[in-house]
Amino acid sequence: MDSPPPPYPIPLSPKPPLTPPQIVQKVISLLNSDKPSLASLSPLIPHLTPPLLHSILSSEILASRPLTLLSFFTWARSHLNPSQTLTQTLIPSLLALLSSLFSHNKFPDAKSLLLNFISSDRGHHLHRTLLLPARPRLSKALLDTAVGAYCQFGNPQLAVLIFKKMKRLRLQPKLLTCITLLNSLVKHPSSNRVLLCKDVFNDAVRLGVTPNTNMFNILINGYCLENRFKDALELLSKMGEYECLPDRVSYNTILDALSKKGQLSEVRDLLVDMKDRGLLPNRNTYNILVCGYCRMGWLREAAQVIELMTQNNLLPDVWTYNMLINGFCHDGRIEEAFKLRDEMENLKLLPDVVTFNTLINGCYKSKNSSNAFKLIAEMKEKGVEPNAVTHNIIIKSFCKEAKMDEASISVRKMVERGFSPDSVTYNTLIDGYCKIGNFGEAFKIMNEMGGTGLKMDIVTLNSFLHTLCRERKIEEAYELLSSVSKRGYIIDEVSYGTLIMGYFEDGNVDKAMKLWDEMKAKAIIPSVVTYNSLIGGLCKSGKMEQAITKLNELLENGLVPDETTYNTIIHGYCWVGNVEKAFQFHNKMVENSFKPGIFTCNILLHGLCKEGMLEKALTLFNTWISKGRVLDAVTYNTLITAQCREGRLEDALGLVVEMEVKKLGPDGYTYSAIIGALIEAGRNKEAEELMEKRAEMGKSSDPSLPLDKGRDMVTLEILEKSDSSSLAYSEQIRELCTKGKYRDAMHIFGELTQKGVAIDKSTYIALMKGLVKRRKPISKIISLRRVIQDTEAGCTESLLDLTRGALGEVITRPMHMELDLGERNCRVFQRKVLTMDTVASNIDRDVRACFVPWKKAASNRC
DNA sequence: GTAGGGTTAG
């Protein structure tokens, strides 16, 4: 009896598994159907393996359907089990597919497929395969496209290797490929980029490529990027040998590089040359000039270029205005920058994201963050989307104020808006953490940066170098520089400049000069800033002749010395006590159109006072006033200090009144000078009054650091009991301090502390002075103070007060109340505290703020 | 697929 048919189809028993050839057949027939549907392939996914994929992609039946194969391959890569899609196992399939695409001239598809594959091929397996000898040979189209793809991926070094293989196989690359490769090489920072470019250029010519002007222009750009202007200019005439003529791009490239280096007379010559060739300047040419002038700070000339443009029927564009606005922002003339923005709007030139970024940055720079926020809101209203640079500017502003938590929050916001932090973001954060002395966090950010594939670059390096130098870890900085250099990374003149300055500050003139020579040997051209460091270092070491030689060298290199250069040398002559030479040099420079500013005036005044020529100083001061020139607090303090030193207290007080009237002071320096002189004259009561007045001034700040309570010991010993070895050591430390070798001094000090040997008071002062003067991190200064507290053998309350004085503490009470010192000792002591106080007023405002709690504790104890 | 602006370092 037949049972009735079941209402539903009974599930069939599982089919016997398909054999691999059957799977291949099935896929091929499905793909070969009129309307192949990838979805219908889904059940086969578990059976597909890379070898099967390869068989399918090399099938002759499907060879005529490259685009079907391409979608199949893309589909398979996204659906296959990840363990099966390791890039290296897919390479045979990829090559089969590419060959099909090339034979149908599907070059753009092939290129994007390659690019996509390369970006997931972290181990560069494909690159290795392409370089291996293959049978049959890899096609010219494949190698040619791969060169372009590796360039586009941002790795021209890998592209060059494939290019070299083409050369060995005598395969002629396409002109476009050559251009792409050259351009990619030139833009990729590497120490031998121009060399590589010339090599590629020559190889291409040998392989039969006819070079065009574009290719020459890229080479010209390469030379310009390395400041090899002579080579770049030579290339202009050499192009003719290849039947190429320079065009406006050729000229604009060199003009831009020259104007960025401030070589304006060369710019003028080249413009004439350009016109002689019948090439009219275009808008870019004019914009290059605007940019050049703005960089030199010649804003009037920059604005004149706009007039010139209009006369030649070329209207300025957004670029022109943006550069001009940036010039004004740079000069702190933010209001005029805003006016320019209005002007461009009137001309129907809409401000773009660059305009806003420039203005926002300008606002932050002139400490006007509320206007910056207004601009951010405004750009949103006007539909100008902030970009990564906008975020970076905001992040930088937080870093500048050491608000690193807020900076991190901004980074998070940036990511939420869909912008990944770039190398500028990371470098800004690294620099921010370096600046507050948090190396740990800085390194953490650097590792994070490495994790995203961004490499430590020249800016990262320089941030670390700068901080290491500032912390006087100069040898560590040197190690870092050499190891980076050995690995072939680019090192620029900033890296060298930072270290050279570091060595000078460390008193190591020889090492500094050696580095300078090393930099020159590498054909790295120092900037005016670096020259200024070198000249400054030489001056401080009293090597004035060498300093002048370097000034001449600077001029020979076509650089324009700035006010700092001249002031450094004038200061140098004063420093070595040769005021006459200082004036001679000053006059000579004035003849050469140097306009001395208040800085120069103060240097000269200080030089005169130092050599006891107070009368001459006053004459200079009066001349300066009669010319209606601006004076500042430094001017007054210089003269007041000198008058106090010479016992002309009343004259000094007269100047204090004058400076008060002009709202220039008095400041910490003024008080120190006057109080010192009052004590010297025995006018203790007036001195005390002034001390109180000064303390009043400093009451506004808030305490922010915890104070180490209960550590103060009250022992009233004075270090007369020190044994002879202690004395000898003390002397050694003091000597090192006078030579500026604080590092060595601290080293000996550390050893002595461990042994429990005390050093004398003035040695402690010398060390503390050094730390403060060298802007050592606060932690170091505090820890030295702690060590002093803990050194039972030598610790006295007076000593602690002295060190406190060194840190900017205001003494708010008559000291003899607290210190059981004799009348004479007390005066000596007070003077020392005042000296320390002067040192302290040299340190940054921020640094001083950190010591407010100490100050407060001192007043509480009264 | 060649040249120009805004963010970082002394």
Side-chain angles (χ1 to χ4, degrees), chain A residues 148 151-152 174-184 186-187 212-222 224 246-257 259-260 282-292 294-295 317-327 329-330 351-362 364-365 387-397 399-400 422-432 434-435 457-467 469-470 492-502 505 526-530 532-533:
Chain A
C151 285
Q152 208 171 327
K174 286 186 200 163
L175 178 63
L176 177 58
T177 307
C178 297
I179 290 173
T180 313
L181 179 57
L182 285 174
N183 196 32
S184 176
V186 136
K187 296 215 167 122
N212 65 0
T213 300
N214 289 9
M215 276 171 81
F216 280 101
N217 287 346
I218 296 168
L219 286 182
I220 287 174
N221 192 20
C224 287
D247 59 6
R248 286 200 278 223
V249 174
S250 328
Y251 277 94
N252 284 347
T253 308
I254 307 179
L255 284 172
D256 178 56
S259 78
K260 283 210 172 95
N282 61 7
R283 189 146 60 190
N284 275 353
T285 320
Y286 286 109
N287 281 347
I288 287 165
L289 294 183
V290 172
C291 176
C294 285
R295 282 193 181 217
D317 61 1
V318 180
W319 285 68
T320 325
Y321 272 100
N322 284 348
M323 287 185 285
L324 211 52
I325 288 173
N326 188 38
C329 286
H330 224 79
D352 62 3
V353 64
V354 175
T355 323
F356 278 105
N357 287 347
T358 310
L359 286 168
I360 292 168
N361 192 40
Y364 280 130
K365 220 182 229 162
N387 62 9
V389 174
T390 323
H391 288 99
N392 283 341
I393 291 169
I394 297 167
I395 291 163
K396 181 195 67 174
S397 79
C399 287
K400 270 217 166 124
D422 58 12
S423 58
V424 173
T425 324
Y426 284 113
N427 284 334
T428 308
L429 291 172
I430 288 171
D431 193 54
C434 276
K435 275 214 176 101
D457 63 9
I458 186 71
V459 178
T460 329
L461 172 72
N462 289 342
S463 282
F464 279 111
L465 287 181
H466 179 206
T467 310
C469 285
R470 197 191 57 194
D492 65 1
E493 65 94 24
V494 178
S495 325
Y496 274 106
T498 309
L499 248 85
I500 288 168
M501 204 161 119
E505 298 245 317
S527 66
V528 175
V529 182
T530 307
N532 287 347
S533 309

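Labels below follow one simple rule: chain letters A, B, ... track the order of the sequence lines, proteins then strands, and each chain is numbered from 1.
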What do you reckon, do A:Tyr251 and the base of B:dA3 stack, with centroid distance below 5.5 Å and planes below 30°? no
Would you check, one step at a time, whether the test side-chain hydrogen bond (donor to acceptor under 3.5 Å, both in side chains) holds for A:Asn282 with A:Asn252? CA-CA 9 Å; A:Asn282 61 7; A:Asn252 284 347; 3.3 Å; yes
Figure out the CG/P separation between A:Leu255 and B:dG4, and round it to whole Å. 12 Å
Touch check for A:Asn532, heavy atoms < 4.0 angstrom, all strands: base, sugar-phosphate only, or nothing? nothing
From CG of A:Asn282 over to P of B:dA3, roughly how many Å is that when rounded to an integer? 13 Å
Within the pair A:Asn361 and B:dT7, is there a side-chain N or O less than 4.0 Å away from OP1 or OP2? yes
A:Asp256: partners by salt bridge (Lys or Arg N to Asp or Glu O under 4.0 Å), with sequence neighbours left out: A:Lys260
Return the set of residues passing ring pair (Phe, Tyr, Trp, His ring centres under 6.0 Å) with A:His466 (not counting sequence neighbours), or none when no residue passes. none
Would you kindly give the CD1-to-C1' distance between A:Ile288 and B:dT2, to the nearest whole Å? 13 Å
Scan side-chain atoms only and decide if A:Thr460 and A:Asp457 contain a donor-acceptor pair under the 3.5 Å cut-off. yes
Between CG of A:Asn357 and P of B:dT8 the distance, given in whole Å, is 11 Å
Can you measure A:Asn326 atom CG to B:dT7 atom P for me and round it to whole angstrom units? 5 Å
